[in-house]
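Both ligands and their constituent atoms are indexed starting at 1 by order of listing. For the numbers below, each heavy atom of this structure counts, side chains included, while hydrogens, waters and symmetry mates do not. Note that the coordinates shown come from a computational prediction; the quantities given were computed from them, not determined experimentally.
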Amino acid sequence: MADISRVLEVQRILEVAVDAPLMGVFDYLAPLATGAPLQVGQRLRVPFGRSTRMGWLVGSKAVSDVPEHSLRRVSSVLDAEPLLPPDLLRMLVWASRYYQHPLGEVLSAALPKALREGRDLARGEMCWALSAEGRSADPDELRRAPAQLRIYRALKAGAAPATAADLEAVSGNWRRAIAALAARGWISVSHSAVPSPVATVAPDEPPVLTAGQAQAVAAINAARGFHCFLLDGVTGSGKTEVYLRCMAQALAAGRQSLVLVPEIGLTPQLLERFQRRFPVPIALLHSGLSDGERLRAFTAAGDGSAAIIIGTRSAIFAPLLRPGLIVADEEHDPSYKQQEGWRYSARDLAVWRARELGVPLVLGSATPSLESMENAHSGRYTRLALPARTGAAGQPQVSLVDLRQHATRDGLSQPLLAAIRRHLDAGGQVLIYLNRRGYAPVLMCPDCGHVLECRRCDARMVLHQQRGQLACHHCGSERPVPAQCPDCAGELKPVGQGTERLESALAAAFPDQEIERIDRDTTRRRGEIERRLNRVRRQEARILMGTQMLTKGHDFPRVTLVGIIDADQGLFGSDFRSAERLAQSFVQVAGRAGRAEHPGEVWLQTLFPDHPLLRVLITEGYAQFATLALAERRQAGWPPFSCLALLRAEASERHTVFNFLQAAAALARDHAPAGPDVLGPASAPMERRAGRHRGQLLLRATARRELQLFLPAWRAALADIETQRRVRWSLDVDPIDLF
Ligand code: ADP
Ligand code: ZN
């Protein structure tokens, strides 16, 4: 492929990455009249099959391998200038090869939907927002002007100023409404794509750094060019403060900072904290935005008008005009890995991007991934440790409830109930963790033993009592709860507990307390997580409970007790990463206890109080766990001491799946007898899902290069396997879950 940073010299035949699920680039004839010389990275429309598709210009040549009379011509050129800067384009070209995913789809995944669909960048678009006066105004004054009220509410709820298109979606009458609101002095007009800083946020006074923080900041700020740091700091040790100081240096040098977080729920909290420190425009990029908002944030990152960009996974594709720093917070979090389509890891791409941009990268976590730990051991990353919390609170005290000796009711044991009561009486807040949604994971008939199962998956239906539905958490199918056992007409009984049941049990035990439950069921509506978290922060609810959504970086300064309902979940997982995941969520959830001035306690309920994994975590901590786990991984030859690629396949017939996978395995063994180990084929851990049979083949190589040399030819050969057309298959390079 041509050097992608240059204007093309030969322009007869264009090489185009088409947004289609096919590897390789396609040759087209150049458009007849192009005007300006074409440049790599421009968007094109091209005929493809019987329709037209979006494509990206990636190279050119004088002669094609395809006979010229069968070449088709590019329909149109969409951009005068390439949309993506050369560094980003290079990364995506590299990533397409690394992950063995079609370049057109890779490019398409990297762009906001509006650009993918052919719209232009949001340069200079006129935007409307509430003025300071408008923000503090009483919307009750608009009682008699419903259109104005709707516009007012939309502006107040929006994360960024609204464009004409955004307002059009709210009310057809928006121009008159805006004019009327402007007459009240409630509107400010801008042409910028991101909000100017909100004046109402009180600036904060930076704290005096702890010795550990000061060392970390000095090391990062001394880096010239690319350097990767692993900021390994226990929860509450002030990692965010370290990011802030490094961002301050970048800002002072006129450079942008890109900050990645694993969860959309973490962005408002971080945004507020950054805004208190820096009176500069900050762009947000995450999946909760409208297409217009996303496009504006993307534009603002690329034209330099946003000084700071905060975003989830796909924000790693934000173009940066003056890059200075990249941060990936909670770097161990599996959400950094895209789990469908193009399965990239934003954390890993961040390393590539930072190197390409020549800027420092800070990977932060209280529970670093074993990959990053090993990179620190081997000296590829510089480890910066923050072993202690800021402020007075030490590490929380951990106690076990041995469930062999204590009965539970709806999941709650007497010792845990007593601890909750004690902490509430002392004025603290409590956080109860159970990583299982719904009322009960099993609904069964005690008379005949019948268990209600999903008709399309090898899985049990989960009882959601509030909705009166049985739901499959794997394929999403639902059906009403039957009145009686379908086999013997006996009475059905819920077994085990999910958050819904736990919530009612807590409500019964603490009738005078407000309870805030946070899981995917209670936070479906936009902004709902924030509303609930705010009620907790304002102490309106003192019992907080929910799933792993709660374990991710949220700061609850007044939580003094964390209760883990089922510490055994995942203790005996089949994946080689189960132990790492369990250790991470355990340490993360325990870390919510006792921040700021309030000492904390963690109580965990277990049937296996002597399990070695629990013991080492409790008595020696995550670092020791990681050392032991890495030794096991090395011995067993799992990552980071090997590299994996997983071929997944599914079809309506089991034998089709296995025919295909066996052929794929044979190809791998024949093509490269000295190549990667071929493990399988095997059934997926859940063999039937959504009515389809699933199997997989695992490739394991000792080095990344070995795998990378092997994959392209093998992947191409897969397309020739006879059963290929009857299976749905995908290749996952560096999979993080083996199912
Ligand atoms: P982490 O990101 O490691 O969990 P934070 O940066 O959120 O930790 O810090 C935890 C708390 O400690 C926050 O309330 C923060 O304001 C406070 N904090 C951070 N650094 C300091 C410091 N040097 N002195 C006093 N308080 C600090
Ligand atoms: Zn199902």
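Heavy atoms of Pro207 found under 4.0 angstrom from ligand 1 belong exclusively to the side chain. Residue contacts with ligand 1, taken as heavy atom pairs separated by less than 4.0 Å, do not involve Arg389 at all. Residue-level proximity to ligand 1 for Leu209 is carried by the backbone, the only part with a heavy atom below 4.0 angstrom.
Looking at ligand 1, you'll find an N or O of Gly236 within less than 3.5 Å of one of its N or O atoms. Between Thr235 and ligand 1, no pair of N/O atoms sits closer than 3.5 Å.
Rounded to 10°, the angle formed at the Zn ion (ligand 2) by Cys475 SG and Cys472 SG is 110°.
Of all atoms in ligand 1, numbered sequentially from 1 with element shown, those under 4.0 Å from a heavy atom of Thr210 are 23 (N). For ligand 1 and Val208, the ligand atoms under 4.0 Å from any heavy atom of the residue are 22 (C), 23 (N), 24 (N).
Among the atoms of Cys457, an N, O or S atom falls under 2.8 Å from the Zn ion (ligand 2).
A donor-acceptor pair shorter than 3.5 Å can be found between the side chains of Ser683 and Arg654. With no hydrogens or angles considered, no side-chain donor-acceptor pair links Glu601 and Ser399 at under 3.5 Å.
Using a cut-off of 4.0 Å between Lys/Arg side-chain N and Asp/Glu carboxylate O, Arg380 and Glu371 are scored as not salt-bridged. The residues Asp329 and Lys239 are annotated as not salt-bridged, no charged nitrogen and carboxylate oxygen being separated by less than 4.0 angstrom. In this structure, Arg689 does not pair ionically with Glu650, as no charged nitrogen and carboxylate oxygen lie closer than 4.0 Å.
Judged by distance alone, with hydrogens and angles left aside, the side-chain atoms of Arg245 form no donor-acceptor pair with the main-chain N or O of Glu241 at under 3.5 Å.
Among Gln213, Lys239, Arg273, Arg245, the residue whose heavy atom sits closest to atom 7 (O) of ligand 1 is Arg273.
Under the side chain to side chain donor-acceptor pair (under 3.5 Å) criterion, the residue pairs touching residues 578-587 are Glu580-Gln584, Glu580-Arg633, Gln584-Tyr622, with sequence neighbours excluded.
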